[in-house]
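Letters A, B, ... mirror the listed sequences (proteins, then strands); counts begin at 1.
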Amino acid sequence: MNISAKHTFSFRVRRLINTPERLLAAFFLVLLVFLVLTPLVEIIRDALSIQSYDLAYFPDAEEGSFTLFHLKRVFTGRLSKALFYQPMMNSLIVGTGVTLLAVVIGSGLAWLVVRTDLPFRVFFGSMAVIPYMMPSWVLALAWMTLFKNDRLGGATGIFTYYTGLQLPDWFSYGMFPIIICLAMHYYAYSYLLVSGALMTVDSEMEEAGAICGLSRFKRLLLITMPLLLPALGSAVVLTFIRILGTFGTPALLGLPVRFYTFSTRIYTSLNARNAGDGYVLALVLVALAILFIYINSRVLGVRRSFVTVTGKGFRQNPIKLGRWRTPLTVLVGLFTFSVVFLPLLFLGWESLLLHPGEYSFDNFTLHYWIGQASDDYVHGDAGILHNDQILAALGNSLKLGFSAAMINGLLGLLIGYAIVRTRGSWMSKSLEATAFAPYIFPSIALGAIYIGIFSTSHGPFPALYGTFALLVLITTVKNLPFTSRTGIAALLQIDKSLEEAARVQGIGWLKRMLHIIIPMSTSGLVAGMLLTFITAMRELSLIILILTPSTMVMTGLIFGYQSEDQSQHAGAVTLILVLIIIIANILVRRFFGDSLSRLTQSK
Amino acid sequence: MQVKQKLSAVVVSLVFAFSAAGISFATEQPPPPPEMDAWLKAARLGSYDTAPQDWAEIGRMAEKEGEVIIYSASSRMAKVAKKFMEKYPAIKVTSYDLGSVKTIEKTIREQDAKLYSADIITTGGSGQVVHELWAKNRLVNFVPDTHAAQIPKEYQEPVLVRVLEAVVFMYNGEVYPDAPPVKNIWEYTEPKYKGKVVLKDPMQSLTNFMGVATLVQHADELAAAYKNHTGKELKLSEGVPDAGYEFLYRLMHNDIVITKSGSKSAAASGKAGQKNPPAFFGAMTYYRYNFSKGLVNKLVVDLDPVAKIIYPTYMGIARQAPHPNAAKLFIAYLLGSTEITADTKLEPPYKEGKSGELLQGLSYYYEPGSKSPRDNVPLPKGGEAWPNMKAWTVDPMFMWKEGPKVRDFWIQESSM
Amino acid sequence: MGFDMQAIKLTGIRKTFGHEVAVEKFDLTVNPGEFVTVLGPSGCGKSTILRIIAGLEEPDQGEVLLGERVVFSHEKGITVVPEDRDIGLIFQSYALWPHMTVARNITLALKNSKVPAVEIEERLENALKMVQLEGYGKRFPSELSGGQQQRVAVARLIAMQSPILLMDEPLSNLDAMLRTDMRSEMKRLHRKLNATTIYVTHDQVEALTLSDVVVIMNDGVVQQQATPYDIYHHPANLFVAEFIGDPRINMLPGGIRQENDSTYIDLGGFILPFQDVPVLKRKDVIVTIRPENIELSMSEKPDWLVMQLDTVQPMGSETIMQVSIGKILLTVTKSGFFHMDVGQSVWLKIDPAYFNFFDPETGINLNPNKKI
C-alpha cells in the first residue's frame, strides 16, 4: 500500500504558486528559445535557400528553394579566398592579438590596482572602465586623427601636421592599429573579471605560500595565477567572441589598406542585401564562438570554482612596488590618459574646427555647438545645442537605455532565480545556455534577423517592425547574457534557507521577491542594469538596420554625421554621449557603490 | 506563403523580360493585387489616374489628409519638408533619411509585414528601385501632368526621376591650374597614378558602385579608348572576361585607395596646399565643397571615353500610401515651379528669395553636379559643365542582372 | 628531528589598525619546546599576535626574536619577511590550495627549498602516516571532508619540520566529536615534533588541556600569563575567572562583617563565618567559587545551607544544577546522573577556602597567591 500522502490537485496548485521557479524556468525557456533560437533557425534557413539577390546568378531559380550555392560560393568558389578565407584569417589574427593584449593589460592593471600600493590606484581603477563606455570606434577615430598619412590625402594627421613626417601604411592602418585600438577598448572585460577575482581569492592562500618560503614571484605564478584561471578564462572567451563580431574599428582602419575581417564582409554583404553571403559568414562566426566556448570549458576542466567561500576574502596588505613605483605610475598614467582623455580631447577638438583637418587655433569655432542653422556651413545644420534632431535622438537614447536596463535587470534577476532555484535540472542548464546564447551572435546579424522575424506577427507578438519596442526588445535580448549572469551570481549568494524561513511564516512568492530577494540582490541587479544601460547607449551595429527616424538614437545620428562627413557634429554628439554615460556611471556608483566590480566578484 | 508565390510569378515574368530585352527597360509591372487595386482606385493612381489630373481636387484632398511621410536616401529632404510646410501649413511633412540601402530594405520589410506607413519613396539604386520596388508593385509611378511635357520620356518611365546626379573624376585645380592632367581614362591605370586614385568604397556607396559597374558595362567603348590611348589592342589579363572588367582590374591593382567617406575622398584630392594630391572618383556633388569648404577640385570635363556617369534618384508613391494626394502634391513640389524656363535667372542663395520660391523642392538639390530631369531648368552656378561632359547613364537592367557579378569581381580583386 | 628547539620572545609589541589598537604592549617569552596558548574572545588580538610572529603583520613598536634571530625590531629597523622566518603556520581555514593535490599541498615548500627529492618523498610519507591519511596523496582538497582537510594542513606542518609552529584556531571548524579527538592528536603531535608551539584559540578547554602556559587576552591587553592550573585556580582578575571554567564560576557580591572576634562574609542570602582574612581590609568584595567546589546533598544535612532547586541539567558524567536562595542563584555541579524535581530542597556546603576575592571596581584578584 502506498503510505505517502497523495498530492491533491489543490496542493499542487498551491505549491506551484508558492514555489513557481519551475514554472518560471519553463516560461523563460520557451520565450528565450523563440527569441534566441528562432534567429538562428532563420539564418540557417536563409543561408540554405535562394534569396532575391541570387536571382542575378540563377535567373530561373525560385526564391526560397533549397540550395547549397551559398556554401559553395563562400567556402569553395573562386571568391572564397576574398570572401572567406582571407577575412577569417584576419579576424582570427586580430581576435587572438587583441585578446592577448587586452587580457595582459586588463589583468596587469587589475593586479596593480587591487594588490599593490600604486599611487592614485583608486583613481586609475575608476578610470579603467571608461574606455568601454565609449563607442569602440572612437579610439580608431582618434588614431586616424593622430596618425593618418597622406595615402588618404586631404587633411593631414596631427603627427604629420606637427612633425612633417609621414608614417608608414602598416602603422597608420590595418592590422596593427586595429589590434591596438580594440585592445584599448576591450581590456575592460579582463580588468573587471580579474580585479573581481583578485578581491575574492582568499589571501590566506598566498600567505600560506609565503610561510612556505615561496618568493613573491613564485606565489604569483604557482598560487595566484592558477586561482585566477577561471576569471582569465572567462575574460578570454568574452573578449575573443566580441572581437570577432566587431565592425566599427576594422571598417575605419582596415579599409584604406583593404584589410577585411569577417565583420566588415558581413556588413557589406548585408548592406548590399546579399543575405546568402552574409548569413553564411554569420553562421561561421556563431560556430566559431561555440567552438571557442567549448574549448575553453574543457581546458579549464571541472574544477571551475576556485573561489573559497570563507568570507574573509581579500585582506592582505598592499604589495610594495618599491623602485618600480614611479615608472609604473607614469606608465599607468600615460595609458589612462591615452585611452580615456585623449579620445575625448580629440572629439572635442574636432567639434570645434571650422574646417575639418586644420588643427590650428585660428580655425576654432563654437558654431557647431551653439550656432544657428545656416547654409554657410556644411549642410546648414544647427549647432547641436539648438538642434531638435539631436535633442530628440538624445531623448530616444535615454529612453532606450533606461527601458532596456530596467526590463533587462528584472528579467536577468527572474531568470537567475529560475536557474539557481532549479539548479541541477536539465531545465536549469538549458535556460542558462539559452540566456547566454545571444552573446555569440554578431550584432549585425542579429539585427538583420530581428527585422525578418518581427516583420510579421508571431503568436502573441505583434509585428514590431519600426516600433520603439523592437529596439528595446533586441537590446534586451543582446544584453541578456550579462544580466542573467549577474542574476545567477546574485541569487547564488542568497541562501535558500532565507526564503524557506519566509515560506514557513506564510509569506507568498511575490512578497518574498519584493521583500527579500530583490533587496538582497540590489548590487547584482544594479550592475546588470548599468552594463545594459551603457551598452544600449553606445550600441550601433545591433540596431543600425532597425532604426527609423522616429526612433533615431544618438549613435545612429553619429553614424549619419560620419557618413555625411560632418565631423564636427559627429565629434560633438559623440562627446555628449560619452559624457552622459560617464555621468550615469558616477551616479550609480554614488548611490549603489562600485557595482560593476562587485558584478564580477561573486562568481 | 502568398507573397512567395507572387514573387515566383514575378520572377518568371522577369525571366521572360530578361531573355527578351538585353539592355532595355522591357520590364513589366504585374497587375496589382486586389487591396492595392482598391487603393489605386480611391487615390486615382496607376491605371485609375485621370487625364488631366485635377489639381484643385488633389490640393483639397491633400489638406484633408493633412500629412505626408517620406522615405528618402537624402538628409536634405528634411529641409525640403520644412520649406514645403511653409507653403502648405496644413500639411505636416515627416522625412526619414535612411540612406539608399535601408530605404529599400525598410520599404520591402514593412510592406511584407503589411505595414503601409510611407507615402513617398525616393532613392537611387536603379536596379533595386526598378526591379524590387516598382516591378513588384511596392511602388507606384506618378508623373504630375503639369510637368510631364518638360521631362523626357526616359526620365518618366518606369519611375519618375527626381534629380540626376553623376559620378565623375576630379583633380586638384591648384596643382594643375591650366589643364586637367588626364585625357584618357586608362591613364588612371598607369604607374603615375599608382596609389593615387581615391574613392569611397563602392561596397558601401551605392553611387560609386553604380559608377564602377556602368564603366564595366561599356566594354567596347573602353576597348576603343584604350586603342586611342596606346595605339595597341587591349590584352586581357587572365580570368578577365572583357575590356570593361579589364579596366576595373587594372585600376584596382594600381593600388586604388578606398575610404569610408565620400567627402573625405573629395577632400583628399581637393584640399589646397598639397604637393602630390590624388585623383578623385565619385559623386559630382562634392564639387560644391569648393564653395563651402574651400576645396580646389576641378572636374575632368573631357575624358575618353566618358566623363560622367549619370545616375538618377527616383521618386514614387508607396503602395497603399495613407496620404496619396499629399504625396502627389509633394512630388510636384519636388520638381520645382512650372514657371521656370530655360531663361529664368536663378541666383544663389538658391534656397531663399525668388529663386527659392521658384525652385521649391529643387532648391536643396540645385548645386553643381545635380540636374533636374526637366529639360527647361537652367544649370546651377558651377554646374555649367554638365552638358559638355560625355555621359553614360546607369542601366537598371544591367545593375540588376550583372551587379552582383561586378560586386564579386570587386571583392575578389580588392582583397589583399 | 633535525633542529634545535628555539625560544620565541616578544617585547613591547604594539599594533594599531588605523585608530583601533589591536595589541597593546604585549610581552611574551616562550621557552624552547613549550606549548603556549593565546586565549581570548574574538577580536582580542590573539590572531594578530600570531600573524606578527609569522611576519604577516608588522607591529608599530617592539621586538620579535625567534631563537637568537631578531626578526623584527622597530628601533633597529629590522624586518624579516615571512618567507625567511622558517616557521610553520596552520590557518583557521587551512588555506589548502584547491588546484593542487594533497601531496603537492604538503610538499610545495620543500620542493621550493633545496631539500633533495628523496627526502621530500620520505617526509611526505611520514607526514601522511602521522595524520592517518596514507594513500590520499593524489586527492584534491575539494574531495576531502573538513576533518581530512584539517589533517592535510597539519601534515603540511609536519613535513616542513619548522622549529616553530603557529596554529590559528585549527580545530574551530570541526564538529564537536572530531574536535575532542583532534585535541589529543595535537598534543601528541607537539610531543613528537618537539617544536616550540604557539596555539591561538577562543576555546578555553583547548587552552587548559593542551598548554604549558596560557596567555589570556582581552581587547589587546594581556590579562594573565600562567600555567593552566594557576589560570584556573588563581585567576588574576574577574575576566579570567569568568572566561575560564565551564560551567561558569559563581560570582557573588559580598560584604565583610566583623562581629566581635569573628569575621563573616555576608553574601546576601546567607552568611558564612570566615577566618583567615588577613588581606581583606575592604568592606565590599566580589566573591567567586567554582561550581564543582560546592558540595550538594539531596538529603537533609545539619548545618548545611538549604536552598531551592531551580534547574537540573544532567550531562552524563555529572549534573549541573542551579539553586537559589532568596535572590541569589548558584551553579553547582555534582558527579553522577541525577534527575530531580524543580523546587525541591537541597543542602549545600560551601567552604570559604575555595573562595577568590576580587575588587568590585578594578576586578583584580585581591589575594592571587593564596593557596587553593
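- By the 6.0 Å contact criterion, CZ on A/F436 is enclosed, its count of non-hydrogen atoms from other residues, nucleotides or ligands being greater than 12.
- Within 6.0 Å of CD in C/E119 there are more than 12 heavy atoms belonging to other residues, nucleotides or ligands.
- Interatomic distance, NE2 of C/H99 versus CG of A/L222, reported as 7.0 Å (0.5 Å rounding).
- The CG atom of C/L108 sits 5.0 Å away from atom CG of A/L214, with the distance rounded to the nearest 0.5 Å.
- Between the side chain of C/W97 and the backbone N or O of A/M205, at least one donor-acceptor pair lies under 3.5 Å.
- Between the CZ atom in C/R51 and the CD1 atom in A/I211 there is a gap of 8.5 Å [rounded to 0.5 Å].
- Note that CD of A/E206 is 11.5 Å distant from CG of C/L56, once rounded to the nearest 0.5 Å.
- Close approach to chain A, defined as a heavy atom under 4.5 Å from one of its heavy atoms, is seen in C/P82, C/E83, C/I87, C/G88, C/L89 of residues 81-89 of chain C, taken by number.
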